[in-house]
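Notes for the one structure printed next.
Proteins get letters first, then strands, A, B, ... in listed order; numbering begins at 1 in each. Treat the numbers as computed from the prediction; the structure is a model and nothing was measured.
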Amino acid sequence: MPELPEVETVVRSLAPLVGRRIVSAEFRCRRVLRGGDPDQMAACLAGRRIASVRRHGKFILMSLQGGGYLVVHLGMTGRLLLSGDPGRHTHAILSLDRGVLLYDDSRQFGCIQFSQEIPERVLKLGPDALEVPFERFAAALRRRKTRIKALLLDQRFLRGLGNIYADEALFRAGIHPLAVASRVRAGRARRLWGGIHAVLSEAIAAGGSSISDYVDAEGRKGFFQVSHRVYQRAGAPCVTCGTAIRRILVAQRSSHFCPKCQKR
DNA sequence: ATCGGTACCTGCACGC
DNA sequence: TGCGTGCAGGTACCGA
């Protein structure tokens with residue numbers, strides 16, 4: 001479910017966690033755990049205080065007082081919730097000195113991990129999609145021969161974009177999802193860089209996109225989905241020219257675009 | 001090194 | 001009503 005704007009919204013809504021002490025932890029599903037068994041992880045967390053909560057791409061990093069991190073990735077359907085009752089897909093329950101933190105994930109594509117240091121797979125990601133300077137972005141584009149849509153989804157190229165915002169940014173830049181990255185001209189590359197920044201910023205301001213079930217830690221839905229210009233609008237008229245939006249597969253992912261406004 | 005395809009898992013909407 | 005199919009914000013891993 002969650003791309004950069006949704007994860008950012010979740011992280012902001014987790015602000016009440018800072019300063020809380022984890023009284024006890026329970027992990028119910030091995031599959032979403034990374035490294036270590038459930039009991040060992042619970043033992044590592046018990047008694048620790050949460051010092052900070054921040055986002056790194058689509059990862060959520062909770063630093064613990066005295067060292068170590070609770071690292072969470074929401075996958076497609078992961079949720080972190082500050083209230084509610086454990087359900088069928090609740091895989092982690094952290095009892096706090098005040099309140100509770102639940103990790104819920106029906107598809108189990110997400111993960112939760114305790115680690116002394118920030119894991120390598122998190123550190124090796126590319127620059128943040130909201131922070132990358134244009135020159136660095138353009139230089140990296142020039143080096144890659146893959147299709148632009150696939151590249152935007154590659155977290156080692158840029159961290160934070162996912163299927164919704166890649167499609168939306170390409171539309172804003174007038175670039176076809178199958179365009180070869182290295183052949184995108186400077187002018188278009190600048191529009192893409194600007195489009196990425198704009199669409200992510202607007203989506204954060206709207207609390208993210210709630211397509212089916214995404215909510216922040218307080219259970220609030222986002223409303224950026226009503227501002228999507230191409231994503232899941234196949235057959236509907238382009239907001240710019242009226243041409244029917246098309247849907248194709250690129251790198252096995254649905255890609256939505258306007259065949260008239262977006263050139264290869 | 002880079003690229004493309006597949007696998008992982010559950011739930012929902014749809015057509016028959 | 002039930003069943004099969006296709007689709008869904010994700011990454012990881014394999015072979016070419």
Exercise. Decide yes or no for A/H56 and A/V71: does some side-chain heavy atom of the first lie under 4.5 Å from some side-chain heavy atom of the second?
Key: no
Practice problem: Check every strand shown and say whether A/R143 touches a base, only sugar-phosphate, or nothing at a heavy-atom separation below 4.0 Å. | Solution: nothing
Quiz item: Think A/R190 forms a cation-pi with A/F134, using NZ or CZ under 6.0 Å from the six-ring centre and within 45 degrees of its axis?
Solution: yes
Quiz item: If we ignore angles and hydrogens, is there a donor and acceptor under 3.5 Å between the side chains of A/Y214 and A/Q225?
Solution: no
Quiz item: When the P atoms of B/dC9 and C/dC3 are considered, how many whole Å apart are they?
Solution: 22 Å
Quiz item: For C/dG10, does either OP1 or OP2 sit under 4.0 Å from a side-chain N or O belonging to A/Q155?
Solution: no
Quiz prompt | Value rounded to 0.5 Å, distance of CG in A/N163 from CD in A/E168 | solution = 10.5 Å
Practice problem: Keeping the roles fixed (side chain from A/K149, backbone from A/S254), state whether a donor-acceptor pair exists under 3.5 Å. | Solution: yes
Quiz prompt | Length of the CG-P vector between A/L249 and C/dG6, whole Å | solution = 12 Å
Quiz item: Is it the case that one hydrophobic cluster holds both A/V230 and A/L170, taking links as side-chain heavy atoms less than 4.5 Å apart, direct or via other members?
Solution: no
Quiz prompt | Between A/S182 and A/K145, a side-chain donor and acceptor under 3.5 Å | solution = no
Quiz item: In terms of the nearest nucleotide of DNA chain B, which residue is placed more toward the 5' end: A/H89 or A/R31?
Solution: A/R31
Quiz item: Across the strands shown, which category fits A/Y231 at heavy-atom distances under 4.0 angstrom: base, sugar-phosphate, nothing?
Solution: sugar-phosphate
Practice problem: Just call it for A/S212: base, sugar-phosphate, or nothing, with non-hydrogen atoms closer than 4.0 Å on any strand. | Solution: base
Quiz item: How far apart are the closest heavy atoms of A/I204 and A/R12, and which atoms are they?
Solution: CG2-NH1, 3.5 Å
Quiz prompt | Bracket string, DNA chain B, 5' to 3' - pairs by Watson-Crick or G-U geometry under 3.5 Å, | interstrand | solution = .|||||||.|||||||
Exercise. Find which nucleotide of DNA chain B each of A/R107 and A/K145 is nearest to by heavy atoms, and output the residue with the more 5' nucleotide.
Key: A/K145
Exercise. Choose from C/dC7, C/dA12, C/dG10 the nucleotide whose nearest atom is closest to any side-chain atom of A/R247.
Key: C/dC7
Quiz item: Looking across every strand, which nucleic acid part, if any, lies under 4.0 Å from A/R156 by heavy atom: base, sugar-phosphate, or nothing?
Solution: nothing
Quiz item: Is the base of C/dA12 touched by the side chain of A/R121 through a donor-acceptor pair closer than 3.5 angstrom?
Solution: no
Self-check item: For A/Q108, side chain to side chain contact (heavy atoms under 4.5 Å, CB included) partners two or more places apart
Solution: A/C29, A/R31, A/V32, A/H91
Exercise. Tell me, please, the opening and closing nucleotides of DNA chain B, 5' to 3', among those with an atom under 4.0 angstrom from a non-hydrogen atom of chain A.
Key: B/dC3 to B/dG11
